[in-house]
Amino acid sequence: MDSEKFGDDDRSIHLQVLDLQKLEEARGSSDTVLDFRNSVEKGDSGETADATPSSSAIAFHRSSSRAPEQKLTLFALRLAIIEKIATCLGTLGFIWATVVLLGGFAITLEKSDFWFITVILLIEGTRIFSRSHELEWQHHATWTVAGVGSFRALQVRSVSLLRNLKRISGGVLKPILESRLSQETPRTWKNSEVPLLPYAKWLYISSYVSRLLYWLQLLSATACVSLSSYKLVRHNYGEVHDGELDKRNRQAALSIFYSLALAEALLFLAEKAYWEWQVSVCSLLENVTRECGFGVTGIVSIKRFFYDAYSKSVNGSIFDGVKMDMVSFAMELLGSSCSDEQLIGARILRLLAVNERSAEDTLEKIGINLPVIERLVEMLNWKDMQEEEIRRSAAEILSKLAGKKQNSLRVAGISGAMESISSLLQKTRSLGDAPDEIGEKKIFHDHNLQYDYWRFNNLGLLILKKLSRDHDNCGKIGNTRELLPKIIDFMHTDATLLKDENAEMVLSRVLTVKRSLQLVKMLVSMSGNTGRCLRREISEIVFTVSNLRDVLRHGVRYPKLQKLGIEILGFLALETEARERIGVTGGVLKELFNIFLQSKTHGDVNESRVRIAAGEAIAMLALESRSNCVHILKLGVLARLVEALEVPLVRVNAARVLRNLCLYSGHERFIDLRLIKAAAPMVLKSITQGDNKLQEVMLGLATQVFKFMSSEEAHVALIDSGIKKQELANSLVATLRKHDKPAIKVPRIRRFVIELVICMMEYDVENIVMFRDLGMERELEKVLENTAELENFDVFSGTVGVSRHSRTVHWLAESVLTLLKEYQP
């Protein structure tokens, strides 16, 4: 690996930015062209990423495998044990030398022993000093290289490149370059930039200092081994004559000291050898980085984690490092005031949150730590270019965190959270210069020299989409200042955008359009007062309907986008004012009918779903809207709607549209609607042969069709359909008998049966006797016993009824019973 080097003489890490590809890898870029295409065509990656394995699979992983960082904490524990033993021996040797030898035998020591002891003590003092500061400098080393693989390295190099371009271009690129070079002047020193010496700044580079201390320890230990071994082998401690009582224990004391010094130095060298074996030969750090899925720059995070675990084990209890885990370590760094530590912490949490193996545990630990969530939300407001990667990582973590309902409530519950998330969305429209105009929409295209706005737009929309799964969060989104207009602006599209599929920028923008449509759909589909307020506010934004029309018009290659746009129109049509706005926006109804009644189809599942959705939206737009019904009739689609009754895919919605046209077009359009009489035979067949939803809508349409027919025409229609009047009456009575109580799937079927019975009785009074003989009176009495409010509405928003019928089912049933009881032939 080119960017990871562990040489024999290098104990720190050097990451070199070799080319643009590695820079993109270092930035953690995951939104490649292929990823964007998958997100747009196959589904939103943000949704599928939330999916977690089954509980049994999770339990298996937890029980059978260990976290990769446990290898590092175990390694740190073993090193700390060796280090503490060596330290104890060194301390004992130092005390022995100072108290016993230099204190008790200072005068009687041989000259060579005196200087050997002095030199060994000085060497050991040097090693202890360098050892105590090595970890601190190693931390500085990780701080120094933390930003090398990030946007900082790219920024430093790009600034130099831009300056050269500025000089060469002579002002052509001046506006872009000046905006790129204008940066805030730092007010504090960075560790790697402090000029310790005026003309030797390189001496303060953390990796150099760390390397110097490392070799100083090795040389000290080697010298100590050499000196101690020499004295122990030669054993020339001087002669002790009879009567020299003050020298009789000197030999033993010196042997003990040299043995302690030798043991300590050998243990230290053994520790370093074990270190080198694991790090350089077995590549422990690289293997853990690979297992964690941290990528190119992850070695920096792993290195820092290992040094922290080792420091805790050495400075405190040897078990302190074992208690560390990568998630807690990253959360601790995230709260630091040092930007490099924040970057390391954000990187680790992002990588763990997107890794399927570690995502659940990571998100669970973050979710119960409110200060960390608040810190992540705060980071969304950091717009400095130097903090771009931190901000992007925080956004990605929150996008994963919001996938869990409980976590989404915690995120949304933080004060100012919605405003912070809104800051991720680029403000594309400025205020107008005058009250009678709106600011122009500005689209930022440059991906290379400027801030990566589109990536943040996508992340912001993804977070909002996941938060909007909760009803209360939708209300907060609607109440956030300037948020809804931003979202609506991202729905804007055109023919050029939806035809070009190659450029990464285009696919990124298409993904933005898709996520904005998904978010708006979730908002307008809310029930209750919150849903009504959101539908009203969204429909009042002047670009909403026109943006949706453009999606329908240009989104032929993206049926999922068309379906989302159509569904939004259908939900907006629940509100009367919004329904009228949609109808008078040019081209909306025409585009809907082009999709719904298209003759050339490819049998694609997505295409079929789009056609069904278009029919539902048209039916909603025609509901209780005379003006929309008139617009539909002017389009000249009535004959095609009648023909559509024979197409299984669209006949249900075609019947809904025709019924609404008959009900709400007004008496002056009676002549235009007479063509609907041709549908009578098909409608009668569906009533007797159909089931559930098809039967329900055809019953509703039959009542309206018979209003345009005389009794003779109705008789002819029965003959053309091959159905006898007695057979039709039997079918109606059987339907009431089958649905002895209100049905959720077909809530209006009993209403439509009763309405058709009334229509048949009005056409021919003989039908009253026929229904009486078939037992209609008994079935209607059952209806009266269990009528429900459910049967009095045309459509529903959740469990709330919308568009109430003028006459209740109870009133209709009583009317038929009165006719049956009072009529005497």
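- Counting only distance, with no hydrogens or angles, the side chain of Lys725 and the backbone of Leu718 share no donor-acceptor pair below 3.5 Å.
- The environment of NZ in Lys741 is sparse: at most 12 heavy-atom neighbours from other residues, nucleotides or ligands sit within 6.0 Å.
- Taking OG of Ser408 as the start and CG of Asp472 as the end, the distance is 10.0 Å to the nearest 0.5 Å.
- Considering CD of Glu785 and CG of Leu780, their distance stands at 11.5 Å, rounded to 0.5 Å.
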Going through the checks in order, is the side-chain contact (heavy atoms from CB on, under 4.5 Å) test met by Leu519 and Leu462? CA-CA 8 Å; Leu519 174 57; Leu462 180 59; over 6 Å; no
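- In this structure, Leu517 and Leu548 have side chains that are in contact, with non-hydrogen atoms separated by less than 4.5 Å.
- Residues Met698 and Ser686 come closest through the heavy atom pair CG-CB, 3.4 Å.
- Around CD of Glu713, the count of heavy atoms belonging to other residues, nucleotides or ligands within 6.0 Å exceeds 12.
- Side-chain contact of Asn458 with Arg509: a donor-acceptor pair under 3.5 Å is absent, judged by distance alone.
- Annotation for Glu567 and Ala613: closest pair CG-CB, 4.5 Å, computed over non-hydrogen atoms.
- Looking at Thr530, its side chain never comes within 3.5 Å of a backbone N or O of Met526 through a donor-acceptor pair.
- Residue Lys476 places its NZ atom among more than 12 non-hydrogen atoms of other residues, nucleotides or ligands, all under 6.0 Å distant.
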Verdict with reasoning, Asp691 to Lys738, per salt bridge (Lys or Arg N to Asp or Glu O under 4.0 Å): CA-CA 11 Å; Asp691 192 16; Lys738 176 182 177 182; 2.8 Å; yes
Evaluate Arg751 against Glu755 for salt bridge (Lys or Arg N to Asp or Glu O under 4.0 Å), listing each step before the verdict. CA-CA 6 Å; Arg751 161 184 289 278; Glu755 288 179 348; 3.6 Å; yes
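- For the atom pair CG of Leu409 and CG of Asn473, the computed distance is 6.0 Å after rounding to the nearest 0.5 Å.
- Taking Phe670 as the reference, Phe708 meet the ring-ring contact (aromatic ring centres under 6.0 Å, His included) condition, with sequence neighbours excluded.
- Contact of the Asn547 side chain with the Phe490 side chain is not registered, since no non-hydrogen atoms from C-beta on lie closer than 4.5 Å.
- Within the model, atoms CD of Glu616 and CZ of Phe571 stand 9.0 Å from one another, a figure rounded to the nearest 0.5 Å.
- Taken from OG in Ser516 to CG in Asp489, the straight-line distance is 10.0 Å, to the nearest 0.5 Å.
- Remark: Glu577 CD is loosely packed, at most 12 non-hydrogen atoms of other residues, nucleotides or ligands lying under 6.0 Å away.
- Side-chain contact between Val705 and Leu658 is absent, with no heavy-atom pair separated by less than 4.5 Å.
- Taking CG of Asn529 as the reference point, atom CG of Leu534 lies at 11.0 Å (rounded to 0.5 Å).
- A distance-only check finds a donor-acceptor pair linking the side chain of Ser665 to the backbone of Leu661 [under 3.5 Å].
- Of all the heavy atoms in Met682 and Leu645, the pair that sits closest is CE-O, 3.5 Å.
- Side chain of Arg640 to backbone of Leu597: a donor-acceptor contact under 3.5 angstrom is found.
- Scanning all heavy atoms of the two residues, the minimum distance from Ala622 to Tyr664 falls at O-CD1, 3.5 Å.
- A donor atom on one side chain and an acceptor atom on the other are found under 3.5 Å apart for Ser539 and Arg581.
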Please test Ile612 against Val650 for side-chain contact (heavy atoms from CB on, under 4.5 Å), starting from the C-alpha separation and ending with a verdict. CA-CA 6 Å; Ile612 293 172; Val650 298; 5.5 Å; no
The test is salt bridge (Lys or Arg N to Asp or Glu O under 4.0 Å); show your working for Glu575 and Arg536 and say whether it passes. CA-CA 7 Å; Glu575 305 301 321; Arg536 185 177 65 251; over 6 Å; no
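- Listed for the Asn660 side chain is no donor-acceptor partner under 3.5 Å among the backbone atoms of Glu624.
- Proximity of Asn606 to Lys563: side-chain heavy atoms (C-beta onward) are nowhere separated by under 4.5 Å.
- Here Arg669 pairs with Asp672 in a salt bridge; the nearest charged N to carboxylate O distance falls below 4.0 Å.
- When all heavy atoms of Ile768 and Met761 are compared, the pair lying nearest together is CG1-CG, 3.7 Å.
- Remark: the backbone N or O of Met770 is not paired with any side-chain donor or acceptor of Asn767 at under 3.5 angstrom.
- Of the possible donor and acceptor atoms, none in the side chain of Ser731 sits under 3.5 Å from a partner among the backbone N and O of Glu727.
- Using a distance-only test at 3.5 Å, with no hydrogens or angles considered, a donor-acceptor pair links the side chain of Ser525 to the main chain of Met522.
- Donor-acceptor pairing under 3.5 Å is recorded for the side chains of Thr735 and Gln695.
- Ion pair Arg659/Asp794 flagged as a salt bridge, since at least one NZ, NE, NH1 or NH2 atom sits closer than 4.0 Å to an Asp/Glu carboxylate oxygen.
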Can you check salt bridge (Lys or Arg N to Asp or Glu O under 4.0 Å) on Glu791 and Arg750, steps first, answer last? CA-CA 8 Å; Glu791 300 175 286; Arg750 300 200 303 179; 2.8 Å; yes
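- Nearest heavy atom pair, residue Leu621 against residue Ala573, reads CD2-CB, 3.8 Å.
- At least one donor-acceptor pair under 3.5 Å links the side chain of Ser625 to the backbone N or O of Asn628.
- Side chains of Thr808 and Thr787 form no contact here, defined as non-hydrogen atoms less than 4.5 Å apart.
- Under the side-chain hydrogen bond (donor to acceptor under 3.5 Å, both in side chains) rule, Glu591 has a single partner from Gln562, His554, Arg553, Arg549, which is Arg553.
- Around atom NE2 of His471, more than 12 heavy atoms belonging to other residues, nucleotides or ligands sit under 6.0 Å away.
- Side-chain contact between Arg469 and Lys405 is absent, with no heavy atoms from C-beta onward closer than 4.5 Å.
- In this structure, Ile618 and Asn653 have side chains that are not in contact, with every pair of non-hydrogen atoms separated by 4.5 Å or more.
- No hydrogens or angles considered: nothing links the side chains of Glu419 and Thr480 as a donor-acceptor pair under 3.5 Å.
- A distance-only check finds a donor-acceptor pair linking the side chain of Lys693 to the backbone of Lys745 [under 3.5 Å].
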Please test Leu756 against Val753 for side-chain contact (heavy atoms from CB on, under 4.5 Å), starting from the C-alpha separation and ending with a verdict. CA-CA 5 Å; Leu756 184 55; Val753 167; 5.9 Å; no
Worked verdict on Leu561 versus Val510 for side-chain contact (heavy atoms from CB on, under 4.5 Å): CA-CA 9 Å; Leu561 296 186; Val510 172; 4.1 Å; yes
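- Considering only heavy atoms from C-beta on, Leu564 stays 4.5 Å or farther from Val551 through its side chain.
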